[in-house]
Number of protein chains: 2
Amino acid sequence: MSVTLRNIAKRAHVATSTVSRVLNADTSVRISEQTKRRVRAVAEELAYKPNLFARGMRVGQLPLIAILVMCRDDTMTTRKALRLNSALLSLGRQVVLIDIADPTTYHEFVDTLLRTRPEAVAIVHAIAGHEQTFQVCEKLMSAGVHVAVVDCWPPLPEHVPADAVTIDREYGAYLAATHVIELGHRHIGLVGHEASYGRREGYERALSKYGIEERYLELMRGPDDVEMTAEFAREAARRLLSKHPQITALLCNCDLSAVAALRGLHDIGLQVPCDVSLVGWDDDPWCQYLPTALTTLTQPCDELAAAGARLLGDRLNAAGGPWRREVLRPRLQVRESTAPPRCSSIAVSVSPR
Amino acid sequence: MSVTLRNIAKRAHVATSTVSRVLNADTSVRISEQTKRRVRAVAEELAYKPNLFARGMRVGQLPLIAILVMCRDDTMTTRKALRLNSALLSLGRQVVLIDIADPTTYHEFVDTLLRTRPEAVAIVHAIAGHEQTFQVCEKLMSAGVHVAVVDCWPPLPEHVPADAVTIDREYGAYLAATHVIELGHRHIGLVGHEASYGRREGYERALSKYGIEERYLELMRGPDDVEMTAEFAREAARRLLSKHPQITALLCNCDLSAVAALRGLHDIGLQVPCDVSLVGWDDDPWCQYLPTALTTLTQPCDELAAAGARLLGDRLNAAGGPWRREVLRPRLQVRESTAPPRCSSIAVSVSPR
DNA sequence: TTGAAAGCGTTACCAT
DNA sequence: ATGGTAACGCTTTCAA
């Protein structure tokens with residue numbers, strides 16, 4: 001079997017308790033340098049690895065950080081979770097990803113997770129079902145587990161017992177809208193999912209600021225499924241521009257929706273960006289390779305992950321204080337899908353078509 | 001604290017050993033129905049959940065299945081892992097994903113994982129560094145952990161102590177090549193990564209079968225990074241068609257590479273599919289929305305996941321026998337990016353440009 | 001500064 | 001058919 005404390009104790013001619021103290025760098029007692037050295041040498045020699053179960057039984061937790069996430073087929077959510085995974089590794093615990101494959105049994109996933117008593121849990125993209133998110137935070141906290149919510153919209157309320165960092169959807173939409181407004185557009189559509197709340201507000205804010213009255217909204221109801229929203233976007237673009245031919249710019253909730261919208265525009269004979277400018281969201285690797293490279297909003301995934309790791313790291317180092325809230329901003333990435341309205345084809349010669 | 005066996009024993013007026021026997025449905029001893037009922041009632045009432053550490057210490061394992069995967073930014077690998085995750089849930093264990101964020105410390109990840117003594121491990125996309133994969137399988141097996149390798153190319157050798165299911169790259173490439181050959185193409189290029197071995201063989205097989213002698217290869221060396229390969233594909237397409245203008249079809253190693261190649265073709269004034277037909281690989285959700293929807297190979301991710309779960313499930317049910325090997329085939333998904341060579345623009349009127 | 005021993009919640013063995 | 005108890009490997013209290 002594997003090496004135990006007793007094995008070490010025997011070979012080093014000390015008691016198991018001494019070995020435990022040395023290897024755990026117990027500061028409450030002073031141990032002679034000589035003993036320390038001997039114990040450490042033997043432990044090294046035998047390649048001792050503490051039995052996690054035995055230790056867990058005593059200490060009541062595992063040196064484990066779990067990332068709770070509902071990936072579905074959403075590549076951005078998945079990417080955020082994976083980046084967080086990498087960032088958390090620096091905290092010196094085992095990191096595991098738990099994908100809530102079935103949202104209806106969210107609580108069961110949490111209960112199962114809780115039985116392994118992780119030190120900390122990070123919840124990624126807690127956007128769907130807020131009430132549930134709060135309950136989960138409560139449950140984890142009261143089980144003595146540190147919790148960080150990484151990306152959540154609307155932002156986590158102050159009273160929820162968890163640290164949080166999120167990306168500002170409202171600002172992103174404001175940025176996108178401002179971009180096309182400054183290009184000269186006045187009739188601007190918003191396509192996406194109803195649950196992307198902040199986007200609508202950001203869009204409103206920008207338009208209001210420039211004294212634009214017209215609003216063109218196509219917001220899908222129902223489950224926030226990436227591929228369904230994309231299909232919706234295709235129809236929506238078609239519908240929107242058939243009904244309101246004066247529209248010259250479209251803001252979409254994600255890049256996939258944006259290409260789908262572009263496809264919808266092609267269906268009715270409209271070109272991007274000549275006839276309609278298009279803005280995506282996410283900066284998916286695909287964007288730059290599209291025949292008309294997509295102007296989009298880059299989500300700062302790495303910074304998000306770093307912030308999440310920092311928040312949890314601080315708690316693990318026994319930092320106290322009130323729950324922290326951080327907000328990150330998306331960045332505008334201008335490419336070829338946006339141009340002044342009704343631009344000549346010369347103006348878009350950057351696009352090699 | 002939480003409910004223990006002793007709590008139940010006390011309330012049910014039996015010994016803890018009896019409770020343990022009842023709750024574990026121990027068949028080696030007969031227990032009176034009456035006692036069983038009483039014990040179960042109390043356990044139910046107190047919402048008893050076994051302490052995983054205590055049980056783990058005795059039994060030596062956790063009711064846990066781990067998925068070992070190196071996601072990087074590869075959406076298909078990630079998708080396979082996630083689908084497998086869902087499929088494994090039916091086995092009634094906790095399922096966790098472990099992302100090997102740093103390949104150079106692969107073995108450390110495995111060692112850490114091993115300390116939690118999972119019942120089974122599934123390794124997804126074991127394509128990079130075969131020697132390492134074998135070692136990991138060996139290590140896990142000798143620790144008494146069941147192993148299934150889900151998607152591995154070249155296929156896992158017979159002697160490696162693990163069950164395996166994979167997707168046939170050779171056949172996929174054969175399928176893609178045959179498709180364009182039957183459309184009338186005779187000068188066909190292959191673009192991708194050197195490590196996608198089987199693709200080259202499948203391409204060769206199809207061309208040979210039709211008596212085509214010319215080979216046009218652009219295979220990238222170095223790390224098999226999706227985004228780097230895409231960048232390479234753009235250059236490669238440009239290079240290939242500048243040097244060999246007779247080429248009329250290009251097979252790419254993934255969809256992202258295919259759009260990148262398409263971009264490269266546009267750069268030098270070539271149209272898809274009029275001038276060049278293009279085939280991708282993966283059937284990414286993006287494909288159908290591209291201005292020219294991409295013909296591609298669909299990877300049967302769900303079947304892959306189901307097979308993986310079946311393989312592991314059988315082992316967990318103590319099935320013996322030799323290591324199993326299963327192979328699944330990609331399916332051709334024809335869209336708009338392939339057409340007869342040098343087709344008139346009328347023939348591609350399906351593409352609204 | 002170090003050692004002995006109790007106890008965490010289970011399971012498994014030996015009694016009865 | 002059921003009960004008592006040792007043992008898993010560790011941490012921690014108490015004693016020396």
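Scope of the values below: all heavy atoms of this structure, side chains included, with no hydrogens, waters or symmetry mates. Throughout, protein chains are lettered first and strands after them, A, B, ... in sequence-line order, and every chain is numbered starting at 1.
Nearest heavy atom pair, residue B/Lys80 against residue B/Asp151, reads NZ-OD2, 2.6 Å.
Straight-line distance from the CG atom of B/Leu52 to the C1' atom of C/dG9: 11 Å, rounded to whole Å. Separating the NZ atom of B/Lys49 from the P atom of C/dT10 is a distance of 13 Å, rounded to the nearest angstrom. Whole-Å rounding puts the B/Leu5 CG to D/dA7 P distance at 20 Å. Atom P of nucleotide D/dC8 and atom CE of A/Met57 are separated by 12 Å, given to the nearest angstrom. C/dC14 atom P lies 15 Å from atom CG of B/Asp26, rounded to whole Å. Residue B/Phe53 contributes atom CZ, which lies 15 Å from atom P of C/dT11 at whole-angstrom precision. Atom P of nucleotide D/dT5 and atom CZ of B/Arg21 are separated by 14 Å, given to the nearest angstrom. At whole-Å resolution of the value, CD in A/Gln61 and P in D/dT11 are 13 Å apart.
The residue A/Asn24 sits close only to the backbone: its heavy atoms come under 4.0 Å of sugar-phosphate atoms, none of a base. Base contact: A/Ser20 has a heavy atom under 4.0 Å from a base atom. Contacts of B/Arg6 with the nucleic acid, taken as non-hydrogen atoms under 4.0 Å apart, involve only primed sugar atoms and P, OP1 or OP2. Within the nucleic acid shown, A/Ile31 comes within 4.0 Å of sugar-phosphate atoms alone, with no base atom in reach, counting heavy atoms only. Among the atoms of the strands shown, base atoms are found under 4.0 Å from some heavy atom of B/Ser17.
Distances shown here put a side-chain N or O of B/Ser32 below 4.0 Å from the OP1 or OP2 atom of D/dT2. Distances shown here put a side-chain N or O of B/Thr18 below 4.0 Å from the OP1 or OP2 atom of D/dG3. Between A/Thr16 and C/dA4 there is no side-chain polar atom (N or O) within less than 4.0 angstrom of OP1 or OP2. Regarding contacts with the backbone of D/dT11, a side-chain N or O of A/Arg55 is found under 4.0 angstrom from either OP1 or OP2.
Formation of a donor-acceptor pair under 3.5 Å by the A/Thr16 side chain with backbone atoms of A/Arg6 is not found in this model.
Using a 4.5 Å cut-off on side-chain heavy atoms (C-beta onward), B/Val96 and B/Ile67 make no contact.
A side-chain N or O of A/Ser32 and one of A/Thr35 form a donor-acceptor pair less than 3.5 Å apart. Side-chain contact, A/His107 with A/Gln132: no donor N or O sits under 3.5 Å from an acceptor N or O.
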Without placing hydrogens or testing angles, list every side-chain donor-acceptor pair under 3.5 Å for residues 44-53 of chain A, not counting sequence neighbours.
{"residue": "A/Glu45", "atom": "OE2", "partner": "A/Arg11", "partner atom": "NH2", "Å": "2.6"}
{"residue": "A/Asn51", "atom": "OD1", "partner": "A/Phe53", "partner atom": "N", "Å": "2.7"}
{"residue": "A/Asn51", "atom": "OD1", "partner": "A/Ala54", "partner atom": "N", "Å": "3.0"}

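The nucleotide whose nearest atom lies closest to any side-chain atom of A/Val59 is, among D/dT2, D/dT11, C/dG3, D/dT11. In this structure, the nucleotide among C/dG9, D/dC10, D/dT2 sitting nearest to the side chain of B/Thr4 is C/dG9. Across C/dT2, D/dG3, D/dA1, the shortest atom-to-atom separation from the side chain of B/Arg30 is found for D/dA1. Comparing C/dT10, D/dG9, D/dG3 by their nearest atom to the side chain of B/Arg58 picks out C/dT10.
Of the two residues near DNA chain D, B/Val29 and B/Ala54, the one whose nearest nucleotide lies more 5' is B/Val29.
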